Amino acid sequence: MLPKQYDPSELETKLFKQWESAGYFSRNAGGHANPEAPPYTIVIPPPNVTGVLHMGHALNNTLQDILTRRARMQGRPTRWIVGTDHAGIATQNKVEQKLAASGKTRFDLGREAFVEECWQWRSEYGSTIIEQLKAMGCSCDYNNEKFTMDASYAAAIRKVFVSWYRAGRIYRGNRIINWCPRCTTALADDEVEHKDEQGSLWHIRYPLLEPVGDIKYLVVATTRPETMLGDTGVAVALDDERYSELLNANAKVCLPLTDRVIPIFADEYVDKNFGTGAVKVTPAHDPNDFEMGKRHNLPEINIFNEHAIINANGGIFAGMERYEARAAILQALEDLGLLEKTDTHDHAVGHCYRCDTTIEPWASEQWFVSMAPLAKPAIKAVRDGRISFNPKRWEKVYFQWMESIRDWCISRQLWWGHRIPVFYCDACGWQDASETDLQKCPSCGSALRQDEDVLDTWFSSQLWPFATASWPADDAQDPLKTYYPTQVLSTARDIIFLWVARMIMSSLYFVDEQIPFRDVIIHPTVLDKHGNIMSKSRGNGIDPLELISDFGADAMRFGLALQVTGAQDMKFDRDKLASSRNFATKIWNAARFVLMNLEDFQPATNDAQNTAVTSSDSVEKNTAVASSDSVEKNTAVASSDSVEKNTAVTSSDSVEKNTTAVFAPVAQTDADRWILSRLAALALELDDESKSFDFGAIARGLYAFFWNEFCDWYIEFAKGQLADASLRRSTQQILVFVLDNALRLLHPFMPFVTEEIWQSIPHGCTSPHLIVAPYPQTCTFAGLHNFNAESGINDVIAIVQALRSTRARYAISPKQSLDVYISLQASEHASKNTYDDASKNLCDCEVRLRSIHEQGFLINKLANCDNVNVTIGGELPGASSVTVVNGMQIAIVLDGLIDFNAEQQRLQKELQKQVDALDKLRRKLSNEGFLAKAASDVIQKSKDDFAELELTVEQIKSQLAGLKVLS
RNA sequence: GGGCGUUUGGCGCAGCGGGAGCGCGCUUCCUUCACACGGAAGAGGUCACUGGUUCGAACCCAGUAACGCCCACCA
């Protein structure tokens with residue numbers, strides 16, 4: 001028996017250990033996977049070794065675990081590959097901080113010792129985030145943890161680099177790159193974050209060497225005046241008359257604060273309408289100026305060292321930090337009377353995505369990958385649908401970036417990372433890339449020198465899907481042959497370019513033109529409750545571990561999944577988890593109720609079904625459902641197919657073979673048939689391929705079924721049925737069956753609470769743990785759809801609700817039982833017939849009457865009535881309050897209590913409402929356009945609704961007439 | 001400058017062509033033997049705005065506004 005209180009923290013650790021030690025996280029799921037079934041693989045976006053679990057991880061890994069657990073339960077050989085990223089800059093920063101605490105820099109240690117220190121740091125702190133994933137319940141393959149600096153991974157990097165180098169895809173060049181003066185390294189374009197900042201546009205007079213006519217100077221406008229120290233020209237627009245005289249005279253400028261004379265020239269780049277129409281040109285510190293410099297043969301004068309401190313080229317400003325120099329230069333210009341004016345100017349300023357320092361464009365020798373040829377097949381792979389983004393709109397973002405892709409700067413001036421495998425001979429000038437370390441020059445025998453730089457961390461991350469599958473192994477055991485491509489990649493939108501696109505490009509290039517994954521899930525970004533991005537500096541982050549300890553891992557997972565919709569953001573507030581925590585508690589208590597009523601439980605054993613569940617053919621069916629042609633099959637199940645089976649069900653009342661439960665529950669009452677039918681509908685809904693990544697919709701479906709249908713109604717019905725000796729046994733079986741299947745469907749979302757309960761219930765399944773129990777299959781539930789029972793129970797529910805409502809209205813104590821009369825009436829025009837009987841109307845009512853009569857004991861129990869008298873068109877007692885619903889007049893006898901006035905008012909109001917609705921429908925049905933153009937089923941539905949409304953209106957009117965007589 | 005997202009009851013959101021719904025909050029009642037992290041009954045919205053398409057629009061199209069995100073070398 002389960003304890004009264006559900007205590008997540010106590011159970012989570014215990015259950016996780018059970019799963020882990022049973023080996024369920026490995027590909028064969030501890031022997032429970034079907035080797036014949038199609039494999040299912042997800043690679044985790046490797047968190048940085050420096051990482052600590054944040055809400056983004058919590059969300060992303062919840063989604064991946066849901067998919068992984070579902071696939072595992074479907075019997076597929078499933079593996080969620082886990083590991084960490086060495087995170088060059090981030091880790092180096094951490095270790096440098098650690099050294100700084102003891103007053104040291106990395107240069108004090110030297111490269112080798114520093115790298116050793118990084119490895120040390122990794123072994124000490126690198127598994128923090130992995131442990132945190134376990135707290136979430138993530139079922140990753142922890143026994144095969146990967147790291148982007150593993151030896152095998154390094155081999156993959158080498159192979160990639162050398163291949164591209166030989167193919168001419170990787171080249172070295174002097175370019176303007178984004179330089180972070182704090183990290184002292186180059187960054188790729190997409191590692192720079194642009195922020196709009198309010199700056200100034202300074203107008204500076206550049207005196208001419210010799211006046212031209214009256215012109216003694218020209219004015220340039222700049223946002224970065226300090227770079228003037230590196231100016232080697234002034235550019236004007238091609239057709240700017242203001243400067244044609246200067247150009248004709250071949251005038252030159254004396255660059256202030258220096259002794260340099262620089263040319264004036266015209267260039268297509270310059271926009272004569274901006275600023276003064278004259279641009280100072282600094283080829284070493286601006287990408288556009290760099291290009292202009294190339295076009296006009298200007299020298300490049302680098303004025304900064306790697307910390308953005310002015311170097312010797314800056315003359316008297318040498319040694320100043322860049323902003324210090326800016327102030328000093330402006331002051332000096334002011335003193336010289338050369339600062340004409342200062343405008344405010346908003347512009348985008350680049351910042352380092354790692355440390356937020358303002359980026360300095362800087363000319364330097366770097367390694368680049370030429371991207372355009374790689375992008376082409378990657379664009380095609382998405383265009384032709386081999387890879388799909390979810391939501392689909394992200395494909396557009398992908399295309400836009402890929403189609404205007406620029407070359408990728410891959411060299412970083414760091415020590416922690418994969419060192420660029422290029423070797424140089426200083427003696428003879430030999431140079432080559434090599435997969436192995438080279439010592440001596442093959443040409444002259446001199447000692448070789450390896451490139452000092454390391455590769456961009458994303459260069460290694462891009463290989464993650466195949467490098468973790470042992471690429472470039474080429475033996476028969478090659479996991480790539482069996483398990484590639486992977487199925488799903490789930491990540492945040494901010495690394496679509498940095499990572500996702502590059503994985504696609506490199507996989508297509510290196511792995512036999514194979515895609516790395518079929519589906520890309522771009523999940524929403526978790527914002528705080530006010531809609532702000534969560535960040536350390538804002539201090540508005542929420543710690544997932546705190547949520548787990550306060551609400552339980554299940555509640556956190558479910559609460560997050562619940563909020564995943566197509567939107568790009570999700571506002572998150574910890575209070576939102578309360579309802580998910582309550583849901584976990586609800587599941588727990590519902591299970592307790594079931595268990596409390598099983599003392600004399602006997603399973604309806606059926607060995608044949610037991611084998612069907614775990615046998616291979618069930619897995620095959622599963623696969624079919626998950627594949628593309630499943631849509632058709634699914635539809636078939638929902639439509640004609642099921643109608644036929646339905647008849648069979650009503651006759652035999654037993655569940656078809658192949659159910660996922662080990663016994664076939666025998667439904668005896670409409671309530672039984674109803675809940676089984678609802679369960680079948682749920683399974684069908686969850687199996688909808690088009691919604692397979694719509695986690696919010698699936699979670700809502702599970703929630704609504706379990707709480708609003710199973711708990712609110714079926715369990716309440718069951719209380720009545722359990723008290724009836726003839727129904728007790730079957731009711732127990734249905735309760736266990738539905739609970740069992742609901743737990744299986746819920747398990748991927750809420751693994752802990754479902755596992756704990758499942759182990760306590762007599763599910764009869766041979767699987768030792770829910771995590772490897774078969775996932776319910778839609779096809780096996782098809783025979784459970786039962787529209788008769790759904791209609792019958794809908795009547796019961798409507799009656800109970802009407803009675804409760806009246807009771808509340810008259811403030812009648814729940815303890816006082818009611819005397820109830822129900823009069824059924826068939827609409828003459830309605831064709832709506834939820835019953836199978838071929839004949840309509842009166843007969844319809846008879847079926848209905850019988851059904852209500854059969855459920856009478858449930859109504860008595862749920863609404864506390866003495867007896868429910870049902871008639872077809874029978875007279876209702878006068879001293880009663882009547883509710884009209886679904887063609888039923890439900891009368892509660894209220895001798896002496898009835899307030900005729902209030903009843904009249906209430907019914908008048910209700911009448912008005914119904915008459916309005918009726919009028920609306922009448923107008924619709926008399927609209928020829930509607931009758932001519934609307935779909936026939938829509939027209940039919942409108943006619944049915946009209947007939948029913950008409951009946952309702954009549955019933956209310958007659959009731960009102962009766963009241964008038966009485967009052 | 002270009003692209004994208006959001007705008008629905010007090011708050012957070014779902015629905016995305018034919019009945020405005022969920023969770024939280026709110027009101028009233030109920031500690032009855034699964035659950036007060038609960039049960040029952042209620043109140044509360046002209047679905048941002050303006051046009052258009054349609055027999056019919058919260059839903060499709062165009063435009064507007066507000067908020068947010070991304071991309072882009074305007075010095």
Side-chain angles (χ1 to χ4, degrees), chain A residues 2 4-6 176 189-190 194 201 220-224 227 235 269-271 273-282 286-291 345 347-348 350 361 391 393-394 396-397 400-401 404 493-494 496-497 524-525 527 529 531-533 551 555 559 562-563 565-573 575-576 578-597 696-697 700 703-704 708 711-712 715-716 719 800-801 804-809 811 813-815 862-864 917 920-921 924 927-935 937-939 941-942 945:
Chain A
L2 302 170
K4 183 156 181 173
Q5 198 61 39
Y6 167 54
I176 294 277
D189 293 330
D190 46 12
H194 292 275
L201 192 59
V220 298
T222 181
T223 54
R224 291 155 66 215
T227 61
Y269 164 75
V270 181
D271 173 4
N273 297 318
F274 186 89
T276 62
V279 182
K280 58 188 277 307
V281 181
T282 323
D286 183 279
N288 295 305
D289 294 7
F290 183 82
E291 293 304 319
H345 180 67
H347 60 143
R393 78 183 112 87
W394 292 110
K396 193 173 170 185
V397 176
Q400 277 173 355
W401 189 74
S404 56
R493 70 177 112 101
D494 54 352
I496 292 177
F497 309 140
T525 302
L527 307 176
K529 63 175 169 180
N532 297 311
I533 205 149
F551 296 98
L562 206 48
Q563 290 179 73
T565 60
Q568 65 174 14
D569 297 320
M570 126 182 349
K571 286 186 204 169
F572 185 83
D573 180 10
D575 293 345
K576 281 187 180 180
S579 67
S580 294
R581 184 250 276 125
N582 296 352
F583 183 44
T585 309
K586 190 75 179 176
I587 297 170
W588 183 260
N589 282 303
R592 276 185 0 105
F593 169 80
V594 173
L595 287 168
M596 278 175 188
N597 288 283
R700 281 192 300 277
Y703 184 98
N708 304 126
C711 292
D712 286 352
I715 284 185
E716 294 308 315
K719 286 174 183 172
V800 170
Q801 284 176 332
R804 285 171 174 170
S805 185
T806 304
R807 190 190 283 279
R809 194 159 5 96
S813 156
K815 286 174 184 135
L862 267 62
N864 189 21
K920 206 174 149 191
L921 265 181
K924 194 175 193 177
N927 181 335
E928 282 176 29
F930 175 72
L931 295 172
K933 296 185 181 174
D937 59 323
V938 173
I939 296 173
K941 186 179 179 304
S942 298
D945 289 349

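Numbered from 1 within each chain, the chains take letters A, B, ... in sequence-line order. Just so you know, these numbers come straight off a predicted model, no measurement behind them.
- Taking atom CZ on A:F593 and atom P on B:A34, their separation rounds to 6 Å, with Å as the unit.
- A:V594 comes within contact range of no nucleotide atom at all, as no heavy-atom separation falls under 4.0 Å.
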Could you walk me through whether A:L862 and A:R804 satisfy the side chain to side chain contact (heavy atoms under 4.5 Å, CB included) test, starting with their C-alpha distance in whole Å, then the side-chain angles of each, then the deciding distance to 0.1 Å, before giving a yes or no?
CA-CA 9 Å; A:L862 267 62; A:R804 285 171 174 170; 4.2 Å; yes

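- Side-chain N or O atoms of A:R224 include none that pairs as donor or acceptor with a backbone N or O of A:D286 at under 3.5 Å.
- Once rounded to the nearest 0.5 Å, the distance linking CD of A:E291 with CD1 of A:I176 reads 9.0 Å.
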At under 4.0 Å between heavy atoms, which parts of nucleotides 2-21 of chain B does protein reach? Answer with one letter per nucleotide, 5' to 3': B base, S sugar-phosphate only, - none.
-SSS------SSS---B---

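- A:S805 has no side-chain polar atom (N or O) that falls below the 4.0 Å cut-off from OP1 or OP2 of B:A40.
- No engagement by A:E291 is indicated, since no non-hydrogen atom pair under 4.0 Å with the nucleic acid exists.
- Taking the side chain of A:K586 as heavy atoms from C-beta on, and the options B:C37, B:A72, B:G39, the nearest nucleotide is B:G39.
- Going from the P atom of B:C49 to that of B:G2 covers 26 Å, rounded to whole Å.
- Across all strands shown, the partner of B:G10 is B:C24, judged by Watson-Crick or G-U wobble contacts whose two distances both fall under 3.5 Å.
- At the heavy-atom level, A:D271 lies under 4.0 Å from base atoms of the strands shown.
- Heavy atoms only, all atoms of each residue included: A:K571 and A:K576 are closest at O-NZ, 2.7 Å.
- Residue contacts shown for A:D712 are limited to sugar-phosphate atoms, with no base heavy atom under 4.0 Å away.
- A distance of about 9 Å separates the P atoms of B:G9 and B:U46, rounded to the whole Å.
- Among the nucleotides B:A75, B:U31, B:C35, the one closest to the side chain of A:H347 is B:A75.
- Across A:G566 and A:P391, no two heavy atoms sit closer than the pair O-CG, 3.8 Å.
- Nucleotides B:C60 and B:U27, compared at atom C1', are 40 Å apart to the nearest Å.
- Nearest-nucleotide positions on RNA chain B place A:V800 closer to the 5' end than the other of A:N927 and A:V800.
- A:R493 comes within 4.0 angstrom of the backbone, heavy atoms only, and of no base.
- Using a 4.0 Å cut-off between charged side-chain N and carboxylate O, A:K941 and A:D937 make no salt bridge.
- When the C1' atom is used for both B:C30 and B:G19, the distance is 32 Å, rounded to whole Å.
- Atom name P, nucleotides B:A58 and B:A65: the rounded distance is 23 Å, in whole Å.
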Can you give one letter per nucleotide of nucleotides 43-49 of chain B, 5' to 3': B if a protein heavy atom sits under 4.0 Å from the base, S if only from the sugar-phosphate, - if neither?
-------

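- For the pair A:Y6 OH and B:A34 C1', the computed distance is 16 Å after rounding to whole Å.
- What you find for A:I533 and A:L527 is that their closest heavy atoms are CA-CD2, 3.7 Å.
- Rounded to whole Å, atom P of B:C70 lies 11 Å from atom NE2 of A:H194.
- As a whole-Å value, the separation of A:D573 CG from B:G23 P is 18 Å.
- B:G56 sits 23 Å from B:A14 when the C1' atoms are compared, rounded to a whole Å.
- On the C1' atoms, B:A36 is 30 Å away from B:G45, given to the nearest whole Å.
- Pairing partner, B:U54: none, since no Watson-Crick or wobble contact has both distances short of 3.5 Å.
- Atoms NZ and CG, on A:K924 and A:L931 in that order, are 10.5 Å from each other to the nearest 0.5 Å.
- Nearest nucleotide to the A:T223 side chain, out of B:A34, B:A75, B:A40: B:A75.
- The side chain of A:N597 places no N or O atom within less than 4.0 Å of a non-bridging phosphate oxygen (OP1 or OP2) of B:A34.
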Run the side chain to side chain contact (heavy atoms under 4.5 Å, CB included) check on A:I496 and A:W401 step by step: do they pass?
CA-CA 10 Å; A:I496 292 177; A:W401 189 74; over 6 Å; no

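- In this view, A:Y6 and A:W588 satisfy the ring pair (Phe, Tyr, Trp, His ring centres under 6.0 Å) rule, not counting sequence neighbours.
- Taken to the nearest 0.5 Å, the CG atom of A:D189 stands 7.5 Å off from the NE2 atom of A:H194.
- At least one cation-pi condition fails for A:K586 and A:Y703: the charged atom is not both under 6.0 angstrom from the six-membered ring centre and inside a 45 degree cone around its axis.
- The residue A:F583 sits apart from the nucleic acid: no heavy atom pair falls under 4.0 Å.
- On the P atoms, B:G12 is 16 Å away from B:G25, given to the nearest whole Å.
- Base pairing annotation: B:G68 forms a Watson-Crick or G-U wobble pair with B:C4, both donor-acceptor distances under 3.5 Å.
- Judged by Watson-Crick or G-U wobble contacts below 3.5 Å, the nucleotide B:C49 has B:G63 as its partner.
- Between the CD1 atom of A:I533 and the P atom of B:C69 there is a distance of 7 Å, rounded to whole Å.
- Taking 4.0 angstrom as the limit, A:H345 places a side-chain polar atom (N or O) nearer than this to OP1 or OP2 of B:A75.
- The nucleotide B:U32 finds no pairing partner, because no Watson-Crick or G-U wobble arrangement with both distances shorter than 3.5 Å includes it.
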